[in-house]
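Lettering of chains follows the sequences in order, A, B, ..., and the numbering in each one begins at 1. When reading the values below, keep in mind they use all heavy atoms of this one structure, side chains included, and skip hydrogens, waters and symmetry mates.
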Protein chains: 4
Amino acid sequence: MSLRERKAAKKKEDILRSASSVISRQGFHKTTMEDIAAELLMTKGSLYYYFKNKEELLFHCHDLILTGAMELIEDIYQENISSVEKMKKAIKAHLDIAIQEKEIFNLIVKPEQIFSEDHIEDIVNKRDVYAGLFDKIIAQGAERGEFHLRQQKMARMIILGATNWIQVWYSDKGEFSKDEIEEIYADYLLKMLL
Amino acid sequence: MSLRERKAAKKKEDILRSASSVISRQGFHKTTMEDIAAELLMTKGSLYYYFKNKEELLFHCHDLILTGAMELIEDIYQENISSVEKMKKAIKAHLDIAIQEKEIFNLIVKPEQIFSEDHIEDIVNKRDVYAGLFDKIIAQGAERGEFHLRQQKMARMIILGATNWIQVWYSDKGEFSKDEIEEIYADYLLKMLL
Amino acid sequence: MSLRERKAAKKKEDILRSASSVISRQGFHKTTMEDIAAELLMTKGSLYYYFKNKEELLFHCHDLILTGAMELIEDIYQENISSVEKMKKAIKAHLDIAIQEKEIFNLIVKPEQIFSEDHIEDIVNKRDVYAGLFDKIIAQGAERGEFHLRQQKMARMIILGATNWIQVWYSDKGEFSKDEIEEIYADYLLKMLL
Amino acid sequence: MSLRERKAAKKKEDILRSASSVISRQGFHKTTMEDIAAELLMTKGSLYYYFKNKEELLFHCHDLILTGAMELIEDIYQENISSVEKMKKAIKAHLDIAIQEKEIFNLIVKPEQIFSEDHIEDIVNKRDVYAGLFDKIIAQGAERGEFHLRQQKMARMIILGATNWIQVWYSDKGEFSKDEIEEIYADYLLKMLL
DNA sequence: CATGAATGAGCTTTCATTCAT
DNA sequence: TATGAATGAAAGCTCATTCAT
């Protein structure tokens with residue numbers, strides 16, 4: 001990749017980060033291209049130099065964050081530790097991202113209300129792959145005799161549902177610190193699997 | 001209440017039910033006043049006779065559903081049964097509503113992105129009251145020695161989070177029936193409390 | 001048709017006439033919805049109450065004029081006169097319309113550059129039907145022994161081409177009156193057919 | 001002219017030819033500077049090194065083609081052949097260009113809709129000079145007793161109109177070859193002059 | 001010379017809202 | 001009460017044009 005290209009790639013990522021942040025604050029529909037541009041001290045016209053429309057921009061936001069998350073969880077899965085430990089770590093990592101990326105992560109929820117058919121399949125697939133990582137951890141734990149449960153997929157849905165929801169109410173001014181919350185969540189959810 | 005007033009009240013509720021249904025399908029931002037009116041075989045102008053604007057309409061949708069849900073859970077709380085049973089019933093009832101009212105229930109999530117300041121406080125309060133009902137069930141269960149847990153609020157958040165999330169993926173064509181799903185969810189989540 | 005409906009239909013036609021006139025002056029691409037609205041003392045938003053987009057509006061402009069023209073020529077064809085007379089009348093009628101509706105008539109030319117696929121077929125068909133009326137006159141004249149020519153379609157194309165072109169240069173301030181021009185055109189073109 | 005200048009001149013002509021071709025396909029308004037640049041494997045910024053804006057570029061396209069056409073017809077006029085032959089040749093030559101340059105030639109039609117006042121006069125003048133060449137052929141033919149007609153200008157307009165129109169419908173997949181069409185056109189139009 | 005990047009004016013379109021009838 | 005009609009503000013998007021490098 002040439003210098004030029006790397007510069008452009010960096011700019012694209014800057015835009016995505018910035019857009020993610022604004023969208024997380026205001027929601028996708030209430031965020032205008034102008035809002036996003038303003039945050040970057042650009043004009044909205046310039047955004048279209050990098051992304052061909054609003055949906056495309058969002059799609060890449062989504063992709064960036066989900067890809068990052070997948071790498072994290074995949075790494076945890078590869079670690080040489082007990083399944084209980086893996087799941088604890090995975091839950092904490094997931095909570096971390098959900099808190100940070102609020103709205104973007106929330107997009108995973110209802111792609112049909114935002115994305116056109118072109119992207120939905122891609123998005124749903126990626127979301128499934130991500131969820132699959134948690135399935136793998138659970139399955140491995142069950143095999144190893146660490147977890148005892150019948151409906152593994154259901155358990156995974158409960159775990160991801162509960163953790164995704166945290167963005168709804170989390171505030172860094174709450175009674176518990178982020179780390180404490182993550183600890184408590186992990187403990188509770190692990191109880192379900194044992 | 002005069003006949004006329006009662007007629008108007010009924011019409012209002014018709015509108016709210018209809019609007020809820022459309023919004024649940026399409027999402028709030030993608031639903032236009034025209035869509036809502038069309039569903040009722042009215043014209044959008046008429047809606048403004050009953051509700052002074054779109055937000056007001058949505059606010060009352062929200063209220064209608066949340067009030068109904070509160071009554072259900074309150075009744076369950078008053079029943080003369082074990083806390084375990086109460087919680088099971090409450091979880092199932094909550095799942096029922098979440099599945100049925102999808103989008104509207106989803107509003108409970110991020111009111112700031114939709115409602116203006118006039119309503120937010122009201123909405124947040126009601127949501128807290130509703131959540132409080134679950135807290136009461138948990139507290140009672142702990143008192144009675146049925147539940148064993150320290151962070152009661154956290155547990156409640158996990159429960160509501162996990163159950164709210166169901167709207168994201170639930171489909172009546174899935175592997176499990178609604179009743180089965182509710183049973184499984186209730187079982188898993190109860191494991192957390194014992 | 002109710003009074004309401006007739007009123008609306010009339011308004012639609014008003015808009016079409018007005019739009020035709022503006023477009024004929026400025027060309028389709030240089031004419032904004034605002035221009036059209038201004039001519040009617042409306043706001044551009046209102047136009048969308050009657051026509052769902054700019055293309056649709058243009059399509060109906062086109063239709064209105066072409067339908068009118070077809071009726072004129074069809075009537076001439078039905079008259080009980082010699083083919084020479086029919087063709088003369090048809091040429092004059094066509095010139096009349098071409099002069100009056102300049103730009104709209106010009107649309108008949110390159111629909112692909114303006115219309116999306118949805119409309120092109122319809123437009124091309126109508127245009128063919130219209131041209132077919134001239135073919136019928138020519139064929140009848142040939143049968144009756146009034147015209148002597150081999151490539152009838154080619155002759156028709158020359159006639160319509162020559163007459164369509166008039167909008168390019170016609171001005172009511174020129175050396176000849178519109179009637180004189182029509183007379184001369186008809187005479188010249190008839191020479192071709194005899 | 002220095003080497004550098006000649007290089008630049010050549011590049012300019014390359015651009016004009018390329019632009020003509022794209023515009024002929026898509027029409028002026030639907031052709032963006034990017035389209036033109038892409039065809040030349042350039043970036044749109046570079047175009048502005050050679051032409052100060054889109055209108056200027058179009059103006060020179062127009063000029064290039066019309067100048068070429070004028071030379072052709074002028075040469076025909078100078079030939080030592082009968083006026084009938086001259087006119088036949090001129091018609092065929094004109095048809096050739098009209099078919100090839102479609103859209104650009106079409107520009108001759110409505111300069112006001114595309115060009116600003118700066119260019120209109122120039123364009124109209126050149127167009128008149130071009131048309132004048134046909135007038136000269138006709139006048140000479142009348143003088144020589146080959147043609148018999150009163151309104152010479154009108155005849156010329158009919159001839160140019162009919163031939164210009166060919167771009168509207170010509171396709172190289174039609175029933176007749178280009179040569180045949182030209183022959184037929186020339187024959188028909190000549191009948192008008194005799 | 002060429003280009004990548006940025007700009008901003010202008011366009012079409014949508015839609016909540018208003019209001020006379 | 002209900003509605004057809006109109007409005008206007010705001011959004012997404014396009015593209016000719018500019019300019020530093």
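- Taking atom CG on C:Leu3 and atom P on F:dT3, their separation rounds to 18 Å, with Å as the unit.
- Figure legend: C:Lys54 and C:Phe28 shown as a cation-pi pair, the cationic atom lying under 6.0 angstrom from the six-membered ring centre and within 45 degrees of its axis.
- The 12-atom threshold is exceeded at NZ of C:Lys30, counting heavy atoms of other residues, nucleotides or ligands nearer than 6.0 Å.
- Between D:Ser46 and E:dT3 there is a side-chain polar atom (N or O) within less than 4.0 angstrom of OP1 or OP2.
- Per the geometry, NE2 belonging to D:His29 stands 11 Å off P belonging to E:dC11, to the nearest Å.
- For the atom pair NE2 of D:His29 and CD1 of C:Ile114, the computed distance is 9.5 Å after rounding to the nearest 0.5 Å.
- Near-neighbour residues of DNA chain E inside residues 37-45 of chain D, defined by a heavy atom below 4.0 Å, number-ordered: D:Met42, D:Thr43, D:Gly45.
- Taking every heavy atom of residues 5-17 of chain B and every atom of DNA chain E, no pair lies under 4.0 Å.
- Using a 4.0 Å heavy-atom criterion, one finds that C:Thr32 contacts the sugar-phosphate atoms exclusively.
- For DNA chain F, the neighbouring residues in residues 48-55 of chain D, judged by any heavy atom under 4.0 Å, are D:Tyr48, D:Asn53, D:Lys54.
- At least one donor-acceptor pair under 3.5 Å links the side chain of D:Glu55 to the backbone N or O of D:Ser116.
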Carefully, step by step, assess A:Arg25 and A:Glu39 under the rule salt bridge (charged side-chain N to carboxylate O under 4.0 Å, His left out).
CA-CA 12 Å; A:Arg25 249 178 288 136; A:Glu39 183 96 349; 3.1 Å; yes
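- Along DNA chain E, the nucleotide closest to A:Leu47 and the one closest to C:Met33 are compared, and the more 5′ of them pairs with A:Leu47.
- Residue-environment remark: CD (D:Glu121) stays at or below the threshold of 12 foreign heavy atoms within 6.0 Å.
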Pairing string of DNA chain F (Watson-Crick or G-U wobble, both atom distances under 3.5 Å; | = paired to other strand) is .||||||||||||||||||||
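- Residues satisfying the side chain to side chain donor-acceptor pair (under 3.5 Å) test with A:His60, not counting sequence neighbours, are none.
- Distance C:Glu34 CD to F:dG8 C1': 10 Å, rounded to the nearest Å.
- Heavy-atom nearest nucleotides on DNA chain F were determined for A:Arg4 and for A:Asp35, and the one closer to the 5' end corresponds to A:Asp35.
- Residues meeting the side chain to side chain donor-acceptor pair (under 3.5 Å) test with B:Asn53, sequence neighbours left out: none.
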